[in-house]
Amino acid sequence: MGQKVHPYIQRIGINKTWRSLWYADKKEYPKQLVEDSKIRKYIKEKFVHAAVSYVVIERLAEQIKIKIASARPGVVIGRRGADIDRLKEQLSKITKKELAIDIIEIKNPATEAQLVAQNVAFQLEKRVAFRRAVKRALDLSRQAGVKGIKISLGGRLGGQEMARRETYHEGSIPLQTLRADVDYGFAESHTTYGVIGVKVWIYKGETIREKKRNSK
């Protein structure tokens, strides 16, 4: 089951939380769900080189708060916040509510699975040998202090005619241990030979929640 269930979804309510923080009735739910999808898609396409890891969307009464986690916040903000203002104008075409955008800086990109996957995919597009790209990503993550990392590539690796999958890992990846903080990321590399999928699992350690004791 650990190979088929998204590690983040499996741990929601244990050591992870939702990235869409809102509630809606049956009529508004589909509309807001599509809006969230469009907002995330636009942000990731516009800031491809800004190393965006994830986007948190929180809906209030008449306002939408968007938190963008990026390893390069300066690229998202722009000069004197010009890119943020431009982003608000574009997103206002998707939703009519007031927008508030915050930037979360990721200090160590080597510990974020999504950014590691994007980095490997970007190197494959630049025609770097896939084994070299994976080896470099493994070394950087291990130096950053993660307890385990696994990278899986699928597609026409090295331009070969037959598509295959290769997996590389270092350390431990306890997918079935729910208290384990496992991050997951996926990216696609569009090469001249076709699309290569990159999956990354990163184990950061165990998070033990303290049980609240009811004082009598």
Side-chain angles (χ1 to χ4, degrees), residues 1-12 16 19-20 33-57 66 68-72 75-76 83 87 90-91 94 106 108-142 144 146 148-171 173 175 182-204:
M1 184 175 65
Q3 300 294 331
K4 301 299 180 184
V5 180
H6 196 297
Y8 192 96
I9 298 298
Q10 197 175 17
R11 289 164 174 79
I12 283 183
K16 304 288 186 181
R19 288 178 178 171
S20 289
L33 188 66
V34 171
E35 280 186 1
D36 281 13
S37 178
K38 290 181 178 179
I39 289 172
R40 285 192 172 92
K41 183 179 179 182
Y42 180 81
I43 291 174
K44 290 189 175 183
E45 288 180 352
K46 182 175 177 60
F47 300 106
V48 175
H49 300 288
V52 176
S53 177
Y54 61 89
V55 178
V56 178
I57 299 176
I66 302 175
I68 304 173
S70 172
R72 300 174 184 171
V75 178
V76 181
D83 289 347
L87 179 61
Q90 295 296 328
L91 294 181
I94 299 175
I106 298 175
N108 198 343
T111 61
E112 291 290 324
Q114 182 62 36
L115 298 185
V116 173
Q118 291 177 7
N119 184 31
V120 173
F122 179 74
Q123 292 185 59
L124 294 179
E125 290 180 353
K126 294 296 182 180
R127 297 188 178 184
V128 176
F130 69 93
R131 287 191 180 91
R132 182 183 300 175
V134 171
K135 182 68 167 56
R136 184 179 179 185
L138 291 174
D139 292 341
L140 289 175
S141 295
R142 292 292 281 175
V146 302
I149 177 173
K150 181 170 73 170
I151 301 177
S152 178
L153 304 179
R156 294 180 59 186
L157 303 177
Q160 295 187 2
E161 294 183 1
M162 184 71 70
R164 69 182 192 277
R165 178 170 296 278
E166 288 196 9
T167 302
Y168 306 85
H169 65 87
E170 288 188 8
I173 306 290
L175 295 178
V182 179
D183 193 15
Y184 173 78
F186 172 76
E188 289 183 346
S189 177
H190 297 270
T191 66
T192 55
Y193 303 105
V195 179
I196 297 177
V198 182
K199 297 180 181 180
V200 177
W201 294 261
I202 290 181
Y203 173 44
K204 302 179 181 180

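Note that the numbering runs from 1 along the sequence shown for the chain.
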(message) Around atom NE2 of His169, are there more than 12 heavy atoms from other residues, nucleotides or ligands closer than 6.0 Å?
(response) no
(request) Check whether more than 12 heavy atoms from other residues, nucleotides or ligands sit under 6.0 Å from atom CZ of Arg136, and answer yes or no. (result) no
(request) Please identify each residue that fulfils side chain to side chain donor-acceptor pair (under 3.5 Å) with Gln160, with sequence neighbours left out. (result) Arg164
(request) Kindly compute the distance separating CD (Gln90) from CG (Asp83), expressed to the nearest 0.5 Å. (result) 11.5 Å
(request) Please name all residues satisfying side chain to side chain contact (heavy atoms under 4.5 Å, CB included) with Tyr168, sequence neighbours left out, ordered by chain then number. (result) Phe130, Arg131, Val134, Leu138, Glu166
(message) Run the side chain to side chain contact (heavy atoms under 4.5 Å, CB included) test against Ala137 and tell me which residues pass, sequence neighbours left out.
(response) Val116, Val120, Ile151
(request) Check ring-ring contact (aromatic ring centres under 6.0 Å, His included) between Tyr8 and all other residues, then give those that pass, not counting sequence neighbours. (result) none
(message) By the salt bridge (charged side-chain N to carboxylate O under 4.0 Å, His left out) test, which pairs, at least two apart or in different chains, include something from residues 185-202?
(response) none
(message) The criterion is side chain to side chain donor-acceptor pair (under 3.5 Å); which residues satisfy it with Asn108, sequence neighbours excluded?
(response) none
(request) Can you sort out the partners of Arg132 under side chain to side chain contact (heavy atoms under 4.5 Å, CB included), two or more places apart, ordered by chain and number? (result) Val128, Ala129
(request) Hey, could you give me the CG/CG distance between Leu124 and Asn119, rounded to the nearest 0.5 Å? (result) 9.5 Å
(message) Test: side chain to side chain donor-acceptor pair (under 3.5 Å). Region: residues 38-55. Which pairs qualify, not counting sequence neighbours?
(response) Ser20-Arg40, Ser53-Glu112
(request) Go through the structure and list residues passing salt bridge (Lys or Arg N to Asp or Glu O under 4.0 Å) with Arg142, not counting sequence neighbours. (result) Glu170
(message) Check whether Ser70 reaches the backbone of Val52 with its side chain - one donor and one acceptor, N or O, closer than 3.5 Å.
(response) no
(request) Verify, without hydrogens or angle tests, whether Lys204 (side chain) and Asp183 (backbone) share a donor-acceptor contact under 3.5 angstrom. (result) no
(message) Which residues pass the side chain to side chain contact (heavy atoms under 4.5 Å, CB included) test with Val48, not counting sequence neighbours?
(response) none
(message) If the condition is side chain to side chain donor-acceptor pair (under 3.5 Å), which residues does Lys16 pass it with, not counting sequence neighbours?
(response) Asp181
